[in-house]
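Single-structure report; data block below.
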Number of protein chains: 2
Amino acid sequence: MLTIGKLAHETGVKVPTIRYYEQIGLLPEPDRSAGNQRLYDGAHRDRLRFVRHARELGFPLDAIRDLLSLSDRPEASCAAADGIVREQLHAVRERIARLQALEEELARMIAQGCHGTIADCRVIEVLGDHALCAHDHAGGD
Amino acid sequence: MLTIGKLAHETGVKVPTIRYYEQIGLLPEPDRSAGNQRLYDGAHRDRLRFVRHARELGFPLDAIRDLLSLSDRPEASCAAADGIVREQLHAVRERIARLQALEEELARMIAQGCHGTIADCRVIEVLGDHALCAHDHAGGD
DNA sequence: CTAATCTCTCTAGCAACTATAGCTTCAAGA
DNA sequence: TCTTGAAGCTATAGTTGCTAGAGAGATTAG
């Protein structure tokens, strides 16, 4: 049986985060010791590792909740899980594209350089006037 | 003179967001009409456009605050502004690298495919066991 | 003059935690 | 057995950058 601290150590998830996951229903409420402390077993650890790994891959908690409930039903269809992952891949690719546009723009700003004072600083000038930008890097997070 | 709604329209920043920026001290408190409504002028509009543009480029509000206070002192050195932008470029590049690692891993998961039920779903299996991953895509946001 | 649209303040909510306060329980050494 | 220090408990508030709502007052078009 694991205390919350040991579970945290074994999984790399911080103690308050574990309690948080329990609170929002991502992890089941574990049994308690006589002194009211949480006691975990191997199944809890596996589930928490699953959550952590999915978080590392950028899945939002809601998606993880869905994936967990799928993994609880081994005979369910795999299509749903596949769909969730595809969705995530799509989101990641979009974020990459957006960030690459930003990267280019920032690099351009720096390349134009600053000479001495703010008064003739291209960086500040570009920030003040979007028309000086090479591309559209507009909204839509 | 612009009402807040017109300023919002001209800059593409939503009304509550403008009030929020004022509240956190990014924008100065404008004069008010007899009926207590905010009245803006061209200088306000320029400043708000600056903020919006910097936000689009991903700068956090704290960095924008620094950039604004620099741009208020035209005779100040440009090095600080340059540093802030370089920092942001660095942050963007790191996020891109991280996301590209995720992209690869997600694509791999999908390529391995799901055949029928969750029970033999590679996607769920990989999520449950980090050792099945090709790379480290560990923490550090 | 009235109706429709703005605008005002204030509060609460989103994701996904993190930090703090003030308390209790547990494990190990003297 | 006692004591001390670490680890655990609950509950609340803070983080970032907004967004949404309630309920009231202001302004403007017809």
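Every chain is numbered from 1, with letters handed out A, B, ... down the list of sequences. Basis for what follows: all heavy atoms, side chains included, without hydrogens, waters or symmetry-related copies.
- One can place CD1 of A:I24 at 17 Å from C1' of D:dA11, the figure rounded to the nearest angstrom.
- Taking the charged nitrogens against the carboxylate oxygens, A:D82 and B:R122 have no contact shorter than 4.0 Å, which rules out a salt bridge.
- A salt bridge between B:E94 and B:R98 is absent, with no side-chain N of the basic residue lying under 4.0 Å from a carboxylate O of the acidic one.
- Between the P atom of C:dC8 and the CD atom of B:Q23 lies a distance of 13 Å, rounded to the nearest Å.
- A salt bridge between B:E29 and B:R38 is absent, with no side-chain N of the basic residue lying under 4.0 Å from a carboxylate O of the acidic one.
- At whole-Å resolution of the value, CD1 in A:I4 and C1' in D:dG8 are 8 Å apart.
- Here the side chain of A:R55 is nearest to one of D:dG8, C:dC17, C:dT7, namely C:dC17.
- Whole-Å rounding puts the B:Y20 OH to C:dC8 P distance at 18 Å.
- Phosphate proximity of C:dC17 to A:Y21: present, with a side-chain N or O under 4.0 Å from OP1 or OP2.
- Put simply, CD1 on A:I118 and SG on B:C78 are 5.0 Å apart, with the number rounded to the nearest 0.5 Å.
- Distance CG/A:L26 to CG/A:L68: 5.5 Å, rounded to 0.5 Å.
- Distance CG (A:L39) to C1' (D:dC9): 13 Å, rounded to an integer number of Å.
- Between A:K14 and C:dC17, a side-chain N or O to OP1/OP2 separation shorter than 4.0 Å is absent.
- The side chain of B:S33 places no N or O atom within less than 4.0 Å of a non-bridging phosphate oxygen (OP1 or OP2) of D:dA26.
- Atom NZ of A:K6 is separated from atom C1' of D:dA6 by 12 Å (rounded to the nearest Å).
- The listed nucleotides are C:dT9, D:dG8, D:dC18; the one nearest the side chain of B:R32 is C:dT9.
- Closest to the A:R38 side chain, of the nucleotides C:dT9, D:dC9, D:dT19, is D:dC9.
- An OP1 or OP2 oxygen of D:dC18 is reached within less than 4.0 angstrom by no side-chain nitrogen or oxygen of B:R52.
- Distance, A:H9 NE2 to D:dG8 P: 12 Å, rounded to whole Å.
- With C:dT18, D:dT10, C:dA16 as the candidates, the nucleotide lying closest to the side chain of A:T17 is C:dT18.
- At D:dT10, none of the side-chain N or O atoms of A:R19 fall inside 4.0 Å of OP1 or OP2 (strictly under the cut-off).
- Side-chain proximity of B:Q37 to C:dT18, C:dC8, D:dT19: nearest is C:dC8.
- Where B:D62 and B:G35 meet DNA chain D, the nucleotide closest to each residue was compared, and B:D62 sits on the side nearer the 5' end.
- Atom CD1 in A:I18 sits about 12 Å away from atom P in C:dC17, given to the nearest Å.
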